[in-house]
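The analysis underlying the following values was restricted to heavy atoms, covering all of them including side chains, and did not include hydrogens, waters or symmetry mates. Chain A is the first sequence line, chain B the second, and so forth, proteins listed ahead of strands; every chain is numbered from 1.
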There are 2 protein chains.
Amino acid sequence: MKEALTKRQNQIFEFIKKYTIENHKPPTIREICKKFNFKSTNSAYSVLKALERKGYIQRTNLKARNININDFKLDKTQIDLKEIPLISTFDAQNPLRMFTNLNGTIKLDMKIFDTLPSFAVEVTDDGMQKDGIFKGDIAIITQSLEIKNGSIVFAVIKNEGLIRHYKNENNEIYLIPSSRGYETLKFKEGDKNLWIGGEVSFIIRKLKR
Amino acid sequence: MKEALTKRQNQIFEFIKKYTIENHKPPTIREICKKFNFKSTNSAYSVLKALERKGYIQRTNLKARNININDFKLDKTQIDLKEIPLISTFDAQNPLRMFTNLNGTIKLDMKIFDTLPSFAVEVTDDGMQKDGIFKGDIAIITQSLEIKNGSIVFAVIKNEGLIRHYKNENNEIYLIPSSRGYETLKFKEGDKNLWIGGEVSFIIRKLKR
DNA sequence: CAATATACTGAACATTTGTTTAAAAATCAA
DNA sequence: TTGATTTTTAAACAAATGTTCAGTATATTG
């Protein structure tokens with residue numbers, strides 16, 4: 001169990017968490033000072049040292065904005081929402097166009113959906129049923145640079161969107177379903193007809209009715 | 001419509017997004033240089049200027065780690081949101097007690113979660129895997145007066161919570177799993193050891209990692 | 001072709017940001 | 001009360017980080 005925080009330490013810790021969630025980066029020491037009307041940077045600095053000693057944050061000396069919050073994902077006090085587009089039209093050749101013709105947006109509670117999602121899309125077939133992903137589910141997609149083999153991705157092929165397992169081998173991209181009755185698709189890397197939107201980070205399914 | 005990015009600009013833009021997602025803060029210019037083996041900070045710097053001019057990022061002069069990705073804007077309005085408790089202890093004899101010892105709350109966007117949910121609970125076993133409900137999923141429960149046979153319900157038996165199919169026949173309540181290896185449970189109607197919390201209206205599953 | 005944008009290097013410079021030291025006041029527990 | 005810890009101020013310094021200028025090379029476009 002971590003050592004308890006003083007009132008001031010907790011105030012500053014909460015501020016750091018809130019700032020980080022809202023701004024996608026931690027505050028500088030001087031920004032903390034401004035928030036709490038500190039006249040000296042050492043006011044905030046010494047509290048940071050205490051927070052680090054007690055195990056709430058980790059820092060690297062001399063690096064700007066280098067407060068790393070421990071157990072960031074277990075945080076239950078913060079309520080923060082991110083609004084992401086729900087896309088409904090698909091265009092592999094021009095992915096940006098998909099974001100101009102939306103089916104509205106969804107607000108997600110970042111306490112639960114904690115991977116900086118990029119957009120949402122409705123699952124259009126049962127090709128991944130074996131993985132518990134069904135037609136009609138809403139898939140939350142997180143864009144990432146490197147996608148590992150085996151990851152479940154959202155792919156756009158021409159004007160169709162699909163959820164499939166991803167495999168890249170010898171510059172060939174395979175989109176592999178998990179259920180029978182669906183074909184594995186094969187593409188050359190760089191094929192303009194294929195756009196990998198990102199990894200599926202969450203599934204939301206409506207059950208009732 | 002945003003102006004298209006060059007290959008290099010896109011590489012760097014993707015790197016910034018990935019870094020930000022993984023580190024909860026944007027990279028410094030020198031960190032970008034290191035990633036791409038640039039010898040001069042201006043190599044990255046000039047690309048940042050291009051990304052800003054094309055509307056993909058926003059920056060503030062002279063601030064460390066001040067790349068703001070335009071897609072990542074958080075929304076703080078609370079319209080159409082409902083906050084529900086996430087329960088983690090179970091007590092069939094005294095259900096109200098479960099709501100005093102919470103594991104926090106979740107905010108749901110009522111555009112998606114549109115059935116007046118009552119509370120949320122983590123799925124504790126794989127007894128409903130055939131229905132695509134896995135251990136670790138978050139189940140959103142909606143209380144309702146009439147529960148039809150076949151509905152998927154959240155039931156509390158003594159001090160344990162379960163997701164099962166519901167069946168009421170001849171004043172006997174059956175809790176039926178969908179996967180092999182799990183037993184059907186049978187109760188007399190009115191049994192104090194059983195509390196039906198409501199129907200499962202949504203399932204949220206984290207996939208990545 | 002010329003003009004323009006992109007992609008980089010190199011070196012200095014400016015500003016922000018983190019760090020240290022010294023000290024005073026406030027708080028809290030023994 | 002006494003002593004330890006916390007909180008805060010103040011000032012100077014060190015390091016990181018962003019910015020600018022000058023220049024080369026390559027591709028792209030009209």
Side-chain angles (χ1 to χ4, degrees), chain A residues 1-17 19-20 22-70 96 145 190 192, chain B residues 1-17 19-20 22-70:
Chain A
M1 176 63 96
K2 279 182 204 148
E3 196 181 332
L5 295 180
T6 66
K7 191 179 168 190
R8 198 45 140 187
Q9 287 166 355
N10 192 57
Q11 283 174 349
I12 291 178
F13 185 52
E14 290 300 320
F15 171 72
I16 292 167
K17 285 194 288 189
Y19 185 104
T20 305
E22 287 177 0
N23 299 286
H24 292 111
K25 67 199 166 220
T28 64
I29 288 174
R30 279 166 180 83
E31 282 168 348
I32 298 171
C33 288
K34 193 175 177 189
K35 165 75 182 180
F36 291 94
N37 287 316
F38 291 150
K39 304 287 166 54
S40 166
T41 52
N42 194 37
S43 305
Y45 188 74
S46 54
V47 172
L48 290 188
K49 284 294 185 189
L51 288 176
E52 189 166 26
R53 179 171 47 76
K54 292 182 177 179
Y56 288 79
I57 61 172
Q58 278 182 296
R59 297 166 10 86
T60 315
N61 274 7
L62 292 168
K63 292 275 180 182
R65 296 186 194 276
N66 237 301
I67 303 165
N68 295 300
I69 299 155
N70 290 340
L96 284 174
L145 248 192
K192 293 286 186 196
Chain B
M1 174 64 86
K2 279 180 203 151
E3 196 179 332
L5 296 180
T6 67
K7 191 179 169 191
R8 197 45 142 186
Q9 287 166 355
N10 192 56
Q11 282 174 349
I12 291 178
F13 184 53
E14 290 298 321
F15 171 72
I16 292 167
K17 283 197 287 191
Y19 185 104
T20 306
E22 289 177 355
N23 299 285
H24 293 285
K25 66 195 169 225
T28 64
I29 288 174
R30 279 168 179 82
E31 282 167 347
I32 298 171
C33 288
K34 193 176 177 189
K35 166 75 182 178
F36 291 93
N37 287 315
F38 291 151
K39 303 288 166 53
S40 167
T41 52
N42 194 37
S43 304
Y45 188 75
S46 54
V47 172
L48 290 187
K49 284 294 186 189
L51 288 176
E52 188 167 27
R53 180 171 48 75
K54 292 183 178 180
Y56 289 80
I57 61 171
Q58 278 181 295
R59 298 167 8 87
T60 315
N61 274 6
L62 291 168
K63 295 274 179 183
R65 297 184 192 277
N66 239 303
I67 302 166
N68 295 302
I69 298 155
N70 283 342

Quick check: does any side chain N or O of B:K54 sit under 3.5 Å from a backbone N or O of B:A4, one acting as donor and the other as acceptor?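 Here the side-chain-to-backbone pair exists.
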Can you check whether B:V47's main-chain N or O pairs, donor with acceptor, with B:Q9's side chain at less than 3.5 Å?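 Checked: no pair found.
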Between the side chains of A:K25 and B:N68, is a donor N or O closer than 3.5 angstrom to an acceptor N or O?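 Indeed, the side chains of A:K25 and B:N68 share at least one donor-acceptor pair under 3.5 Å.
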[X] has an atom [atom1]; how far is it from atom [atom2] of [N], in whole Å?
X	N	atom1	atom2	result
A:F36	D:dT9	CZ	P	13 Å
A:I32	D:dT8	CD1	P	13 Å
B:I67	D:dT17	CD1	P	12 Å
A:L48	C:dG18	CG	P	9 Å
A:E31	C:dT17	CD	C1'	10 Å
B:Q11	C:dC8	CD	C1'	14 Å
B:K49	C:dA7	NZ	P	16 Å
B:K25	C:dT17	NZ	C1'	14 Å

Between B:Q9 and B:A64, who's closer to the 5' end of DNA chain C by nearest nucleotide?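 Checking each residue's closest nucleotide, the 5'-ward one belongs to B:Q9.
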For B:N37 and A:N61, take the nucleotide of DNA chain C holding the closest heavy atom to each; which residue's nucleotide lies nearer the 5' end?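 Checking each residue's closest nucleotide, the 5'-ward one belongs to B:N37.
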From the options [options], select the nucleotide whose nearest atom is closest to the side chain of [X].
X	options	value
A:R59	D:dT19, C:dT19, C:dT6	C:dT19
B:L62	D:dT6, D:dG18, C:dT19	D:dG18
A:K39	D:dT19, C:dA7, D:dA10	D:dA10

Among B:L51, B:I29, B:I32, the one residue meeting side-chain contact (heavy atoms from CB on, under 4.5 Å) with B:I67: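 Single pass found, and it is B:I32.
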Knowing that exactly one of B:T20, B:N23, B:T28 qualifies, which makes a side-chain contact (heavy atoms from CB on, under 4.5 Å) with B:R65?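 It is B:T28; the other options fail the test.
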Determine the contact category for [X]: base if any of its heavy atoms lies under 4.0 Å from a base atom, sugar-phosphate if only primed atoms, P, OP1 or OP2 are that close, otherwise nothing.
X	value
B:R8	sugar-phosphate
A:K34	nothing
B:F38	sugar-phosphate
B:S43	base
B:N42	base

On the nucleotide [N], are OP1 or OP2 found under 4.0 Å from the side-chain N or O atoms that [X] carries?
X	N	answer
A:T6	D:dT7	yes
B:R53	C:dT6	yes
A:R30	C:dT19	no
B:Y45	D:dT19	yes
A:K63	C:dT17	no

Side chain of [X], base of [N]: donor and acceptor closer than 3.5 Å?
X	N	answer
A:T28	C:dT16	no
A:S46	D:dT8	no
B:S40	C:dG10	yes

Drop me the distance from B:F36's CZ to B:R8's CZ, to the nearest 0.5 angstrom.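 Spacing of CZ (B:F36) from CZ (B:R8) equals 6.0 Å.
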